[in-house]
Amino acid sequence: MIQDNNNFTMYGIWYSPYKPGVRIRGVLERKDFDKTLLNLYCLSEYEYESFKNAKVIQGINSIGQNITLLDCFVARGEKHSIRTTPNMQLSKKTKFIFNTSIFVNFTLVGLLVPDASTKLFQSISFESKAINNWCYIHYYKYKGKLEKNEPIAQIYKENFLNDELEIAVIAIQSESFGLYNEQKNVNCKITISKKDKELISIQQAIDIGFPFLMLLPLLCDQDHGCVSVDLNYANHGYTTLYFNDSFFTQKFYSHVGDLLSLDDLNMYLPSMLTSWYKNYSKYIRMSNLFRHTLSNNPIHINNKISDYVRILEMMLKRDKYILSNCDKKVAYNILKLLDNISNEKIKAKCKEILSKGLDIGNSQCFISYLESKFYNNIYFDQLEESLKLSIKIRNSTTHLNEHHLITHRERILQDLSIELLHALIKIKLLEKLGVPETVCMNFFENHMHFHENKCNFEYIGKMLIESE
């Protein structure tokens, strides 16, 4: 099961399933969740060759557990003379040893399997602090049921992906004894399985489970926190699969935050999961870019605004607004030629004209989207001006590589631009995940805090009128 500390050192005997007669003592080490290494001392070239190209390695650790290592490759193989290892007790016939380190992507504890494609499992389960916090509302909803001496209760179950997959939330109640009284703790576990109860392989479990783990940082205000998962098989048995943090390169990125309330998640989670799984490769790039941008703290605020505009460009359909690739190439070639012009006034005027040409696609696309969603908002003019400024900044910093001194009016609009772009990206992400427009609009209202920031919006509106 998932524990607070998933690092380990295992001593055991290891072999390739294709050469089970060649068995070597070695140590399996996992440190800091980011890599798992199997260190072996092979006493002959034949022993080394048995492991050199093995993608799957099996073994038994010192306490008798079966271990399967999957997706392995040799990270280091060094040949040493016995003279350089005087403390090792070796046969007189042994002249060399092969110090071998094998990188392991997946470690299966408790079961031997021939490969990752063997279908043995009924479902994949996740437990972590993030999942527990995310599901905790279910405990209150079903509190009465759990208190009737039912330590385990299924509190949520829905189908998704055209009824191919089934997701369930299991609440597990445990007792602990405090200093003065007995306490009841509830942990939640999420299980995903095939709807028709078809058995799945380890590779299928990874393909089913990992996209859900990548969605969690968008749903709740923390990372998924999983460094291992449980694979369940018949008669309530399970085995634990450990994986490396390298599969989740964005683990240090900021979290998007709670996109939806938990009540909304109960209603829309199946449709969100269906959309996420169907478009996973595309949506995960958007998610990673968004979280990476949130994590960055550029020196200049304009760079932050430009990054947000780029993310929104990915999400909006701009085909009918943007220049063709041919026109873009011509525009960029002209920009390069402008550097050879000595007359600064002519150069500046040409850049201004080209800037408008490059800018028009984003301007029309973004403003059109804003109008379609928030035209009736009482602060639409303020939102429109801040969005126009964002496009101008994106064009200047990215296309023209210029930073101009900003006016007092632009400085005030900059902060609004950041919040507006942040909100637009979030609601566009929700729309792509199949959340109804009314829920997205409510999210936008809550994010922008129109009521609390009424004085600020009125001041910006007054400033815009005076600057005309």
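Along the sequence shown, residues are numbered consecutively beginning with 1.
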Pair E198 + K119: basic N to acidic O under 4.0 Å: yes
Flag side-chain contact, heavy atom, 4.5 Å: L430 against V439: no
Closest contact, heavy atoms only, M448 versus L383: CE-CD2, 4.1 Å
Contact list for residues 438-449, test side chain to side chain donor-acceptor pair (under 3.5 Å), sequence neighbours left out: E419-H447
N232 side chain to T191 side chain, donor-acceptor N/O pair below 3.5 angstrom: no
Heavy-atom check, side chain of Q122 versus side chain of L231, under 4.5 Å: no
Polar contact flag, side-chain donor to acceptor under 3.5 angstrom, D115-Q203: no
Between Y238 and Y233, ring centroids under 6.0 Å: no
Minimum side-chain heavy-atom gap N303-H300 below 4.5 Å: yes
Exercise: identify the closest heavy-atom pair between I57 and Y15: CG2-O, 3.5 Å
Contacts of type ring-ring contact (aromatic ring centres under 6.0 Å, His included), residue F121, not counting sequence neighbours: none
Partners passing side chain to side chain donor-acceptor pair (under 3.5 Å) against E384 (at least two apart in sequence or in another chain): none
Matching residue for H422 among F444, F290, F443 - test: ring-ring contact (aromatic ring centres under 6.0 Å, His included): F290
Student check: side-chain heavy atoms of N66 and Q58 closer than 4.5 Å: no
Aromatic plane relationship, F212 with F126 - under 30° parallel, 30 to 60° tilted, over 60° perpendicular: parallel
Y459: ring-ring contact (aromatic ring centres under 6.0 Å, His included) partners, not counting sequence neighbours: none
All salt bridge (Lys or Arg N to Asp or Glu O under 4.0 Å) counterparts of K157, not counting sequence neighbours: E166
All N/O donor-acceptor pairs, side-chain side in residues 370-379, below 3.5 Å, sequence neighbours left out:
{"residue": "S372", "atom": "OG", "partner": "Y369", "partner atom": "O", "Å": "2.7"}
{"residue": "K373", "atom": "NZ", "partner": "E431", "partner atom": "OE2", "Å": "3.0"}
{"residue": "N377", "atom": "OD1", "partner": "Y379", "partner atom": "N", "Å": "2.8"}

